[in-house]
*Asks:* 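This is the structure, below, for whatever I ask next.
Because the structure is predicted, anything quoted here is derived from the model rather than measured. Whatever order the structure lists ligands and atoms in, that order sets their numbers, starting from 1.
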Amino acid sequence: MEEQTRSIVQQSLNALLENENFLTDLKGGMRQKAFTSLNSILSTPNQIHKSFLRVPLEGGEVVRIPSYRVHHNDALGPYKGGIRFHETVNEEEVVNLAFLMTLKNALHNVPFGGGKGGIMINPKDFSEKELHKICIKYVRYFNNVIGPDKDIPAPDVGSGEREMDWMMAEYKKINQGSPYLGSFTGKSVENGGSLGRREATGKGVYFTFRYLLNNYVKDNQATFATTTNPFAKTALEYVNRELTVAVQGFGNVGSVTALEAYRCAHIQNKVVAVSDRNVTLFNADGLDIPALVEFTAKNKGDLPTSEDQLTAAGIAATIQGREDILTMDVDVLFLAALENQLNDQNKTQIKARIIVEGANAPTTREADDYLSEKGVVIIPDILANAGGVIVSYLEWLQGRETQFFSEEEVYNQLLAKMRNTMDTLLPQYFGDTFSLRQNCYIHSVTRLSTVLYRQGKLY
Ligand code: NAD
């Protein structure tokens with residue numbers, strides 16, 4: 001997975017090396033040397049912090065839990081990235097996620113670097129009291145490397161505002177007298193969080209899709225009529241008609257994305273399938289997404305898994321296998337669960353022609369190359385799922401000034417930033433044969449390279 005990110009960065013650097021209008025002062029051997037430095041800086045993290053949290057459980061047993069905080073790059077500002085609570089968390093995964101954060105922040109011009117954390121547990125195996133202890137221990141063990149101007153964690157898979165509230169409280173206790181509101185983002189609104197943060201990623205994910213199709217492609221229909229660009233041709237087929245939508249993952253990101261699609265007044269969407277770690281639910285006439293959100297809120301985040309549960313909740317759907325959603329005959333597939341979901345094994349069976357990556361790294365290199373070759377429009381993770389970090393930045397700013405924005409102000413700023421990035425990228429994407437992911441990487445790497453050069457880091 002990490003290899004995949006590295007190789008696209010290398011590709012982007014190769015393209016920039018050939019571009020004589022980029023860093024024009026650097027010529028000949030100097031240029032070659034600077035680009036070699038750039039590659040080694042961007043493809044390796046600055047630091048990897050690892051600890052085994054020692055946590056006494058309620059039954060008296062003491063466990064040691066592998067935990068990570070990775071600092072990838074801070075050329076653009078303090079490290080920033082979520083803490084994943086999942087039983088498969090490992091060092092390689094956290095390094096790759098931190099790498100993606102560096103690229104994502106550079107892409108959207110957010111003044112943060114890239115970081116990420118992970119705790120190797122299935123949170124559902126622990127009581128609330130035990131989870132509280134785990135959060136406290138994480139802050140104690142990593143206190144020296146986090147902080148409002150050093151590294152600002154946030155929620156990720158398996159964590160949310162409850163965990164961020166606990167962690168910030170511990171940070172405040174340890175660092176008495178120091179500013180603390182900016183130490184964690186994704187906190188509850190009552191505890192200094194931003195209005196709109198919880199929904200920000202899912203709203204942003206849906207927005208990138210809507211903006212690409214309903215604004216950019218629709219507005220350029222006349223120009224696109226004679227295009228030979230494979231992605232423009234695909235996108236054109238989906239303008240001005242009802243679309244069937246499937247959403248993999250029904251947590252923080254997936255449930256909000258599904259709700260946005262369900263409620264969207266600009267595009268006729270029918271959300272025919274959603275899935276989670278247990279099941280896929282399908283209804284050709286469209287699922288009742290608000291009812292499913294209500295159900296998950298009362299059932300520890302899980303979708304209904306039996307006919308009885310569906311009937312009791314008044315939801316019409318058939319139950320299918322967890323992976324079935326990936327190969328369903330739908331127009332648009334939103335991926336909002338985990339990485340490596342579209343891969344070498346299932347790539348030839350994917351039917352959706354528009355894929356939006358709410359999750360980080362849900363498509364492997366093999367699947368990405370195969371689908372892009374076939375003209376499938378893929379809106380990549382670092383473009384689509386940046387809503388969380390953009391609103392985290394707003395939360396961090398609000399915490400520093402103790403002045404808070406209204407929900408409307410937050411959304412306006414979020415969408416303006418995402419629109420700005422899309423307006424920079426889309427003309428290039430629909431004008432050349434690079435995938436949108438390659439275009440995003442070139443853009444991020446250009447920004448990072450320029451800053452690293454100006455900071456004198458390439459000698
Ligand atoms: P979450 O824990 O709230 O939800 C994860 C969802 O995925 C749950 O519905 C879970 O049941 C489901 N799931 C887990 N394993 C699965 C499997 N094997 N197959 C299908 N579904 C499975 O997590 P989240 O915060 O919604 O994050 C989802 C993805 O979005 C992750 O890749 C995360 O890194 C990325 N992301 C999250 C944010 C954020 O603000 N929360 C921001 C950017 C990116």
*Asks:* If you measure from NZ on Lys150 to CG on Asn144, what distance do you get to the nearest 0.5 Å?
*Replies:* 6.0 Å
*Asks:* Counting heavy atoms only, which part of His86 comes closer than 4.0 Å to ligand 1: side chain, backbone, both or neither?
*Replies:* neither
*Asks:* For ligand 1, which is the ligand I care about here, please tell me if Lys104 has any N or O atom under 3.5 Å from one of the ligand's N or O atoms.
*Replies:* no
*Asks:* Taking Asn340's backbone N and O only, do any of them form a donor-acceptor pair with Asn343's side chain (distance below 3.5 Å, no angle check)?
*Replies:*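 Confirmed, Asn343 side chain pairs with Asn340 backbone.
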*Asks:* Give yes if a backbone or side-chain nitrogen or oxygen of Asp156 is under 3.5 Å from a nitrogen or oxygen of ligand 1, and no if not.
*Replies:* yes
*Asks:* May I ask you to check whether Phe250 has an N/O atom sitting below 3.5 Å from an N/O atom of ligand 1?
*Replies:*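 Yes - when backbone and side-chain N and O of Phe250 are compared with those of ligand 1, one distance drops under 3.5 Å.
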*Asks:* Could you tell me whether some N/O pair between Gly158 and ligand 1 is separated by less than 3.5 angstrom?
*Replies:*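 Between Gly158 and ligand 1 (N or O atoms, distance only) the closest approach is under 3.5 Å.
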*Asks:* Quick one: does Lys270's side chain have a donor or acceptor within less than 3.5 Å of a partner on Leu287's backbone?
*Replies:*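 Looks like no, no N/O pair under 3.5 Å.
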*Asks:* Does Asn420 reach the main-chain N or O of Ala416 with its side chain, forming a donor-acceptor pair under 3.5 Å?
*Replies:*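 Not confirmed, Asn420 side chain does not pair with Ala416 backbone.
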*Asks:* Just by modelled atom types, is the Asp302 backbone N or O under 3.5 Å from a matching donor or acceptor in the Asp276 side chain?
*Replies:* no
*Asks:* Counting C-beta onward and ignoring hydrogens, is there a side-chain heavy-atom pair between Met422 and Leu383 closer than 4.5 Å?
*Replies:*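 Result yes, sub-4.5 Å side-chain heavy-atom pair found.
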*Asks:* Quick check: does Val253 get an N/O under 3.5 Å from an N/O on ligand 1?
*Replies:* yes
*Asks:* Would you find a donor on one side and an acceptor on the other, under 3.5 Å apart, between the side chain of Asn283 and the backbone of Leu281?
*Replies:*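 No, the answer is negative, given that no donor and acceptor are paired below the 3.5 Å cut-off.
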*Asks:* Within a distance under 4.0 Å of any heavy atom of Arg277, pick out the atoms of ligand 1 and give their elements.
*Replies:* 10 (C), 11 (O), 12 (C), 13 (N), 14 (C), 15 (N), 16 (C), 21 (N), 22 (C)
*Asks:* If hydrogens are left out, which of Asn252, Leu303, Leu97 has an atom nearest to atom 3 (O) of ligand 1, that is, the closest non-hydrogen atom?
*Replies:*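 The nearest heavy atom belongs to Asn252.
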*Asks:* What about Ala337: any of its N or O atoms under 3.5 Å from an N or O on ligand 1?
*Replies:* yes
*Asks:* Side chain, backbone, both or neither: which part of Arg322 comes within less than 4.0 Å of ligand 1 when only heavy atoms are counted?
*Replies:*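 For Arg322, only side-chain atoms sit under 4.0 Å from ligand 1.
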*Asks:* Side chain or backbone, does Gly251 bring an N or O within less than 3.5 Å of an N or O on ligand 1?
*Replies:* yes
*Asks:* With nothing but distance in play, are any N or O atoms of Thr201 less than 3.5 Å from an N or O of ligand 1?
*Replies:* yes
*Asks:* How far is atom 20 (C) of ligand 1 from its nearest protein heavy atom, and which residue and atom is that?
*Replies:* Asp276 O, 3.3 Å
*Asks:* Is NZ or CZ of Lys374 both nearer than 6.0 Å to the six-membered ring centre of Tyr370 and within 45° of the ring axis?
*Replies:*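 Judged by the rule, Lys374 and Tyr370 form a cation-pi pair.
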*Asks:* Nearest protein heavy atom to atom 23 (O) of ligand 1, by residue and atom, and its distance?
*Replies:* Val157 CA, 3.5 Å
*Asks:* Using a strict cut-off of 4.0 Å, indicate which atoms of ligand 1 neighbour a heavy atom of Ala359.
*Replies:* 29 (C), 30 (O), 32 (O), 35 (C)
*Asks:* Heavy atoms only, cut-off 4.0 Å: how does Ala154 contact ligand 1, side chain, backbone, both, or neither?
*Replies:* neither
*Asks:* Output the list of atoms in ligand 1 that are nearer than 4.0 Å to some heavy atom of Ala336, sorted by atom number.
*Replies:*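 Those of ligand 1 that fall under 4.0 Å from Ala336 are 28 (C).
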*Asks:* As an exercise, identify every atom of ligand 1 less than 4.0 angstrom from a heavy atom of Arg84.
*Replies:* 31 (C), 32 (O), 33 (C), 34 (O)
*Asks:* Any idea which heavy atoms bring Asp331 and Leu243 closest together, and the distance?
*Replies:* OD2-CA, 3.3 Å
*Asks:* Check whether more than 12 heavy atoms from other residues, nucleotides or ligands sit under 6.0 Å from atom CD of Glu58, and answer yes or no.
*Replies:*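 More than 12 within 6.0 Å, yes.
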*Asks:* Does Arg197 have a non-hydrogen atom less than 4.0 Å from ligand 1?
*Replies:* yes
*Asks:* Would Leu13 and Ser449 satisfy side chain to side chain contact (heavy atoms under 4.5 Å, CB included), going step by step from the backbone distance to the final call?
*Replies:* CA-CA 9 Å; Leu13 284 171; Ser449 305; 4.0 Å; yes
*Asks:* Specify the protein heavy atom at minimum distance from atom 43 (C) of ligand 1: its residue, its atom name, and the distance to 0.1 Å.
*Replies:* Asn385 O, 3.5 Å
*Asks:* I'd like to know if the side chain of Gln428 and the backbone of Leu425 have a donor-acceptor N/O pair within less than 3.5 Å.
*Replies:*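 Answer holds: no.
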*Asks:* Identify, by atom number and element, the atoms of ligand 1 in contact range of Gln248, meaning under 4.0 Å from any of its heavy atoms.
*Replies:*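 Going through ligand 1 atom by atom, the ones under 4.0 Å from Gln248 are 19 (N), 20 (C).
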*Asks:* Tell me: protein heavy atom nearest atom 15 (N) of ligand 1, and distance?
*Replies:*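 Looking at atom 15 (N) of ligand 1, the protein heavy atom closest to it is Leu338 CD1, 3.5 Å.
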*Asks:* Between Asp381 and Ala361 (side chain of the first, backbone of the second, donor and acceptor by atom type, cut-off under 3.5 Å), is there such a pair?
*Replies:*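 Checking the backbone N and O of Ala361 against the side chain of Asp381, a donor-acceptor pair under 3.5 Å is found.
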